[in-house]
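All values below come from the heavy atoms of this structure, side chains included, with hydrogens, waters and symmetry mates left out. Throughout, protein chains are lettered first and strands after them, A, B, ... in sequence-line order, and every chain is numbered starting at 1.
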Amino acid sequence: MPELPEVERARALIEERAVGRTVAAVDDADGYVCRPHGPGEIADALVGRTFTAAYRVGKSMWVETDGGSGPDLGLHLGMAGRIVIGEESGGDPVYGGSGGSQADHTEGNPAWRRFTVEFEDGGPPLVLFDKRRLGRAVLDPDLSHLGPDAEEISRDDFRARVGKGDAPLKARIMDQSVIAGVGNLLADEALWRAHLSPIRPAASLDDAELDRLRVALRAATRRAIKLGGVHTGELIPHRNRKDGICPSCGAEMVRETVGGRTTWWCPVEQPWPLP
DNA sequence: ACACGTGTTATGCG
DNA sequence: TCGCATAACACGTG
C-alpha cells in the first residue's frame, strides 16, 4: 500500500516513460475510480493532449498537459494502486511477491486495470492497476487540503504544524492536512528512529524533539525511496503477528491501535511518559 | 468463514 | 466552527 516513497517512484516513472507523449485514447470506464467524472469525460479532456510534466505532493500526483494550458490528470494510488508502463511499474509492491526492492515487473491480475492511457506513438500505455479500487483518476485534482510535502517541509514549518494539538503524535503526522505523505508504516518507522512515542500528545514535544522527528522522517523517507518502498524500513519487518522485537534493543514491542491504525513501538526506546 | 488492512473522507460528538 | 474519533468505502489476503 503506497505511501510517499512508492508514489514518488510512480511519479518518476511517469516522468521518465510518459512525459513527452501524446494521448491517443483513455479507458475511464471505472466509474468508482474516476468519480465524480462520467464515462468518457476524462477521455474527452485528454485525447490529443501531450503530457508535459509529472508532479507530486504527499501521496497525490498529477500530470500536466500541453505545458499547463490543458487539464491536469490527477492520480492517487489509494491502498493498493500501482502505475505500470510497459515492463516498469511503481506503487503498491508486486502482487504476490516478496515485497523487496527487486525490479518491479508484475502488473498483476488484468481484472485490476482501472484506468488506462494509450499514446499516439503506439508504445506501452500508462495503466493504473488497483485491486481494491480505492485509487483515483480525476481531472484537475483539488490539492488545497494538503499540507507541505513531508520530505520538503522546513524546520520552522514542521515545528509550527506538527507540535500542536492533543491528538496522539502519530495521528498528527499522518494527518495529510498537517504534512502530506506519511502513512501508517512510515509513521511507525520514523517515530521509532526518533525515539518518540506514538501516543504522546503532539503539543508535548519541544523544539529539539520536533527537529529530531523531522530529520528521522526525512531520512526514513529518502531511504525508502532509494530502496524501493516503506516496507524496506528497519522496523517494518518486525511488525509481525507474534512477538515483535525491537531491532535495536531487543525489547518486546507494543502493538495497539493509535489514530485508528495498528501501531507498533518499543516501550523502552520510545517511552511515555518520559522516565 | 471471518477479521484485517501501508488510504481517504463523511459523519458524529463535545 | 474546531479538533478529534470513528465508520464506511472495496475487495483481496491470511
Side-chain angles (χ1 to χ4, degrees), chain A residues 1-10 30-36 56-61 74-82 90-101 106 108-115 128-138 141-147 150 161-192 198-203 217 220-221 224-225 227-233 235-242 255-264:
Chain A
M1 290 67 174
E3 302 186 34
L4 189 158
E6 287 81 3
V7 178
E8 172 53 26
R9 291 196 131 216
D30 190 315
Y32 190 78
V33 168
C34 298
R35 70 189 185 285
R56 177 192 62 76
V57 169
K59 304 169 195 170
S60 296
M61 54 186 162
L75 295 168
H76 196 292
L77 301 180
M79 291 268 268
R82 181 174 190 77
D92 196 36
V94 177
Y95 297 127
S98 60
S101 59
T106 306
N109 190 331
W112 297 339
R113 287 179 178 242
R114 309 300 184 187
F115 179 79
L128 169 62
F129 279 82
D130 183 3
K131 60 187 174 189
R132 290 181 58 183
R133 299 172 77 209
L134 291 171
R136 301 288 297 274
V138 297
D142 176 16
L143 307 175
S144 61
H145 61 290
L146 294 177
R161 287 178 161 270
V162 175
K164 66 179 180 184
D166 294 323
L169 179 58
K170 180 177 178 181
R172 189 78 189 160
I173 63 173
M174 283 198 301
D175 184 336
Q176 304 300 300
S177 69
V178 175
I179 54 173
V182 182
N184 197 28
L185 267 56
L186 192 53
D188 278 5
E189 177 80 16
L191 291 167
W192 174 74
I199 61 174
R200 283 183 65 161
L217 185 52
T221 300
I225 292 173
L227 271 51
V230 289
H231 51 274
T232 62
L235 177 74
I236 308 311
H238 297 266
R239 292 173 41 115
N240 301 319
R241 272 284 163 186
K242 292 191 170 185
R255 178 200 196 256
E256 273 177 36
T257 297
V258 179
R261 291 290 170 187
T262 298
T263 304
W264 291 80

Integer-rounded Å distance: B:dG7 P and A:Lys59 NZ: 4 Å
From C:dC11, B:dT8, B:dG5, pick the nucleotide closest to the side chain of A:Arg255? B:dG5
Measure from the side chain of A:Glu3, starting at C-beta and using heavy atoms only, and say which of B:dG7, C:dT13, C:dA5 lies closest. B:dG7
When both hydrogen-bonding distances must be under 3.5 Å and the geometry is Watson-Crick or G-U wobble, what is B:dG7 paired with, if anything? C:dC9
Reckon A:Pro201 touches a base, only the sugar-phosphate, or nothing at all at heavy-atom distances under 4.0 Å? nothing
side-chain N/O A:His76 vs B:dG7 OP1/OP2, d < 4.0 Å: no
For the side-chain hydrogen bond (donor to acceptor under 3.5 Å, both in side chains) test, which of A:Arg261, A:Glu189, A:Lys170 pairs with A:Asn184? A:Lys170
Between P on C:dC11 and OH on A:Tyr32, what's the gap in Å once rounded to a whole number? 8 Å
If you check the A:Trp112 side chain, which of B:dG7, C:dG12, B:dG5 turns out closest? C:dG12
Can you check the A:Arg133 CZ to B:dT9 P distance for me, whole Å? 17 Å
Return the value, rounded to whole Å, for the distance between atom CG of A:Asp175 and atom P of C:dC2. 14 Å
Base, sugar-phosphate or nothing for A:Gly260? Non-hydrogen atoms, less than 4.0 Å. nothing
Taken to the nearest whole Å, CD1/A:Ile236 to P/B:dG5 is 14 Å
Taking atom P of B:dG7 as reference, at what distance in whole Å does atom CG of A:Leu185 sit? 8 Å
What is the distance, to the nearest angstrom, from the CG atom on A:Leu134 to the P atom on B:dA10? 14 Å
Rounded to whole Å, please give me the gap between CZ in A:Arg261 and P in B:dG5. 8 Å
Which is true for A:Asp166 with a 4.0 Å heavy-atom rule: it touches a base, it touches only sugar-phosphate, or it touches nothing? sugar-phosphate
Ignoring hydrogens and angles, does a donor from either the side chain of A:Arg132 or the base of B:dG7 sit under 3.5 Å from an acceptor on the other? no
